[in-house]
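A short write-up of the structure that comes next.
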Amino acid sequence: MQPFQCTTIVSNPFQQNTFVAHLEGRVDCVVVDPGLEPDKIIKFLNEKNLEPTALLITHGHSDHIGGNHALKARWPACPIIVSSGDAEKLTDPQKNLSGQYGLAVTSPPADQIVVEGDELDVAGFTLEVLEMPGHSPGHVVFVWKGASPMVVFGGDVLFAGSIGRCDFEDGNFEHLAEAIHTKLFTLPDDTLILPGHGPNTTVGDEKRANPFVGRPAGYQE
Ligand SMILES: [Zn+2]
């Protein structure tokens, strides 16, 4: 496997994780979920001389898209890639939940729509798209199966010891639990989950100890 580097940039006020990933020796990179403090992300990219070739959006909540305008302004050719189910949240502050906080966050519209099973070839990565509804109906994760261990850019689905909130108007715990059980817990135990909030975890750790969807909640393989 080609060595890769992944840097986490945390945006306030929601402590949301933006990931910048690139293969060593290349200048092109992906940026996953540009957050509400894009100046930090742009500063990092400039310092490292990295050129984003895809803005990958796991879901359309404002804390995961708040940096899109700034990154598109700096790198206009870089496409915003999101699922059809969450694309409308990019441009609608009510739907992306920022209206409730009085922030009215929007993003430029989607440049590319993805669906379950799509394979994205970006910056040297081949990423598979999996639809994971429950926290948001159009939530997707991006799985890099060519890595060892595999890597999941996971958004707000599965956290270390927790799961994404399901109490939004369009949330659904059953959908989230089923998606985790059928699509994430079927990946190898050492698969690295890079979540949208908090520390990294692995499939095996969450199967064993997650109180919402793991063995403590009755999960059996
Ligand atoms: Zn969210």
Side-chain angles (χ1 to χ4, degrees), residues 8-21 30-38 40-41 54-71 80-110 113-116 127 129-143 151-180 183-184 193-201 206 210-213:
T8 309
I9 298 166
V10 181
S11 277
N12 289 313
F14 298 106
Q15 288 82 50
Q16 176 269 350
N17 295 331
T18 295
F19 298 103
V20 176
V30 297
V31 179
V32 182
D33 288 348
L36 287 163
E37 294 190 286
K40 286 188 196 173
I41 304 166
L55 305 182
L56 303 176
I57 310 302
T58 61
H59 66 297
H61 287 160
S62 53
D63 51 335
H64 293 254
I65 63 166
N68 287 0
H69 271 304
L71 269 77
I80 294 173
I81 302 176
V82 67
S83 78
S84 58
D86 264 31
E88 62 181 12
K89 290 188 174 170
L90 297 181
T91 53
D92 186 329
Q94 288 309 316
K95 289 183 175 154
N96 69 33
L97 304 177
S98 59
Q100 292 88 318
Y101 293 100
L103 289 167
V105 172
T106 59
S107 157
I113 296 291
V114 289
V115 297
E116 175 86 11
L127 300 172
V129 176
L130 298 179
E131 293 175 352
M132 305 281 294
H135 172 73
S136 185
H139 198 302
V140 294
V141 303
F142 302 95
V143 185
V151 174
V152 177
F153 296 104
D156 292 356
V157 171
L158 184 62
F159 301 130
S162 189
I163 55 170
R165 282 177 62 177
C166 300
D167 58 337
F168 302 119
E169 204 170 300
D170 56 3
N172 185 306
F173 171 76
E174 283 74 29
H175 291 174
L176 188 69
E178 188 190 344
I180 290 169
K183 298 183 185 179
L184 291 184
I193 309 279
L194 306 178
H197 302 268
N200 299 344
T201 185
E206 298 313 311
N210 190 291
F212 300 97
V213 291

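Ligands are counted one by one from 1 in listed order, and the atoms in each one are counted from 1 as well.
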Using atom types as modelled and distance alone, determine if a side-chain donor or acceptor of H139 lies under 3.5 Å from a backbone N or O of P133. no

dist F159:CZ -> N210:CG (nearest 0.5 Å) comes out at 10.5 Å

Here's a test for you: under side chain to side chain contact (heavy atoms under 4.5 Å, CB included), which of L194, V152, T58, V151 qualifies with F142? T58

Okay, side chain of N17, backbone of G198: is any donor-acceptor separation there less than 3.5 Å? yes

Confirm or rule out an N/O/S atom of D156, from backbone or side chain, lying less than 2.8 Å from the Zn ion (ligand 1). yes

Any N/O/S atom from H64 (main chain or side chain) under 2.8 Å of the Zn ion (ligand 1)? no

Within rounding of 10°, what is the angle whose vertex is the Zn ion (ligand 1) and whose arms end at ND1 of H61 and NE2 of H135? 90°

